[in-house]
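Take a look at the structure below.
Positions are given from 1 along the sequence. Just so you know, ligand 1 is whichever comes first in the structure, and atom 1 is the first atom listed for that ligand. No experiment lies behind these values; they were computed from the predicted model shown. Quick note: numbers below take in every heavy atom, side chains included, and nothing from hydrogens, waters or symmetry partners.
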Amino acid sequence: MPTAQYPPEKMMFQLTLRRRGISDQAVLRAMEEIPRELFVEPADRADAYRDSALGIACGQTISQPFVVAYMTEQLQLQKHHRVLEIGTGSGYQAAILSRVCSQVLTLERFRTLADGARARLSKVGCDNVEVLLGDGFDVPASAGNFDRIIVTAAMERIPEGLTERLDPGGVLIAPVGPPQDTQTLVRIIRTDAGFERKELVDVRFVPALPGIAREL
Ligand code: SAH
């Protein structure tokens, strides 16, 4: 590999993920291959590989890389899985997911963000991702059920309507807690007997809001 493809900040990026406990090779590879600099605001390109969240359009944020990798790893994805993401934002998390499963449907309530994400995902060749302008509290029935669901905006509680969209054996991960404070990442597994719930780590996400945004 030419060294130009491995600038020091990308080496550090991989090292940080490993040091913080990410060990799933498919996830690490996806994090290595997807150019995060294309998903951040042009003014933030120099900081694209820092382990921190950054502001994007519409007052939203692209999550910290460690959190993206951690949530992806905790989903225990298999190559044949169909995944629903709520909160497209920049499209970065969807791009990472697209490398480790077969199909991603991602919903975003801001048209500007949905359009921007669609363009970036197509540019990086993630053609197994569908970006839909929509409300994660009201997922269209026509979308069917999913093997995995990932929510990347904070919810005060996980709506039953969402866990019901998990296939048997399915896994959902969401930040749950007060909108302007720290939330807990919660993992729900749909078993034959019902739902198993586990609290993982503390996180901070922008709030999930109902309905399509009226502003662009
Ligand atoms: N996953 C994104 C970051 C998510 S930021 C990335 O990789 O860049 C959270 C996003 O969730 C914001 O863009 C916000 O507009 C969106 N959001 C909030 N409530 C929503 C809802 N009800 N339905 C769909 N998207 C929502």
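When heavy-atom distances to ligand 1 are checked against a 4.0 Å cut-off, Asp135 comes that close through both its backbone and its side chain.
Protein heavy atom nearest atom 11 (O) of ligand 1, with residue, atom name and distance: Gly87 CA, 3.1 Å. The shortest contact between atom 7 (O) of ligand 1 and any protein heavy atom is with Gln93 N, 3.0 Å. Given atom 13 (O) of ligand 1, the protein heavy atom at minimum distance is Glu108 OE1, 2.7 Å. In this structure, the protein non-hydrogen atom closest to atom 9 (C) of ligand 1 is Thr152 O, 3.3 Å. Looking only at protein heavy atoms, the nearest one to atom 23 (N) of ligand 1 is Gly136 N, 2.8 Å. Annotation: atom 20 (C) of ligand 1 to nearest protein heavy atom, Arg109 CD, 3.3 Å. For atom 5 (S) of ligand 1, the closest non-hydrogen atom of the protein is Thr61 O, 3.1 Å. Nearest protein heavy-atom contact of atom 22 (N) of ligand 1 is Leu209 O, 2.7 Å.
For ligand 1 and Gln60, the ligand atoms under 4.0 Å from any heavy atom of the residue are 12 (C), 13 (O), 14 (C), 15 (O). Ligand-side atoms of ligand 1 in range of Phe137: 22 (N), range being under 4.0 angstrom from any heavy atom. Residue Gly134 has at least one heavy-atom neighbour below 4.0 Å for each of these atoms of ligand 1: 23 (N), 24 (C). The ligand atoms of ligand 1 that sit less than 4.0 angstrom from a heavy atom of Val206 are 5 (S), 9 (C). Counting atoms of ligand 1 from 1 in the listed order, those under 4.0 Å from a heavy atom of Ala208 are 18 (C), 19 (N). The Phe110 neighbourhood of ligand 1 comprises atoms 15 (O), with distances under 4.0 Å to a heavy atom of that residue. Remark: ligand 1 atoms within the under-4.0 Å shell around heavy atoms of Pro207 are 18 (C). Atoms of ligand 1 found under 4.0 Å from any heavy atom of Ser90 (numbered from 1 in listed order, with element): 6 (C), 7 (O), 8 (O).
Listed by first then second residue, pairs satisfying ring-ring contact (aromatic ring centres under 6.0 Å, His included) with a partner in residues 55-79 read Phe66-Tyr70, not counting sequence neighbours. Sorted by first and then second residue, the pairs that involve residues 167-189 and meet side chain to side chain donor-acceptor pair (under 3.5 Å), not counting sequence neighbours, are Gln74-Arg187.
Distances from atom 2 (C) of ligand 1 to the heavy atoms of Thr88, Ile62, Val68 put Thr88 nearest.
When the side chains of ILVMFWY residues are joined at heavy-atom separations under 4.5 Å, either directly or via intervening members, Phe39 and Val83 end up in a single hydrophobic cluster. Note on Leu132 and Val139: same hydrophobic cluster, where clusters join Ile, Leu, Val, Met, Phe, Trp and Tyr whose side-chain heavy atoms are under 4.5 Å apart, directly or indirectly.
Judged purely by distance below 3.5 Å, without hydrogens or angles, the side chains of Gln60 and Ser90 never pair a donor atom with an acceptor atom. Using a 3.5 Å distance cut-off with no hydrogens or angles, the side chains of Gln103 and Asn128 do not pair a donor with an acceptor.
Heavy atoms only, all atoms of each residue included: Ser98 and Val129 are closest at CB-CG2, 3.4 Å.
Residues Ile22 and Met31 are not in side-chain contact: their nearest non-hydrogen atoms beyond the backbone lie 4.5 Å or more apart. In this structure, the side chains of Ile86 and Leu162 come closer than 4.5 Å at one or more pairs of heavy atoms. Inter-residue side-chain proximity for Leu105 and Phe146 is flagged as met; some heavy-atom pair is nearer than 4.5 Å. Looking at heavy atoms from C-beta onward, Asp47 lies out of side-chain contact with Val40 at the 4.5 angstrom threshold.
Ligand 1 has no nitrogen or oxygen under 3.5 angstrom from a nitrogen or oxygen of Pro210.
Each of Thr152, Thr72, Thr88, Thr106 was compared with Gln93 under the side-chain hydrogen bond (donor to acceptor under 3.5 Å, both in side chains) criterion, and only Thr72 meets it.
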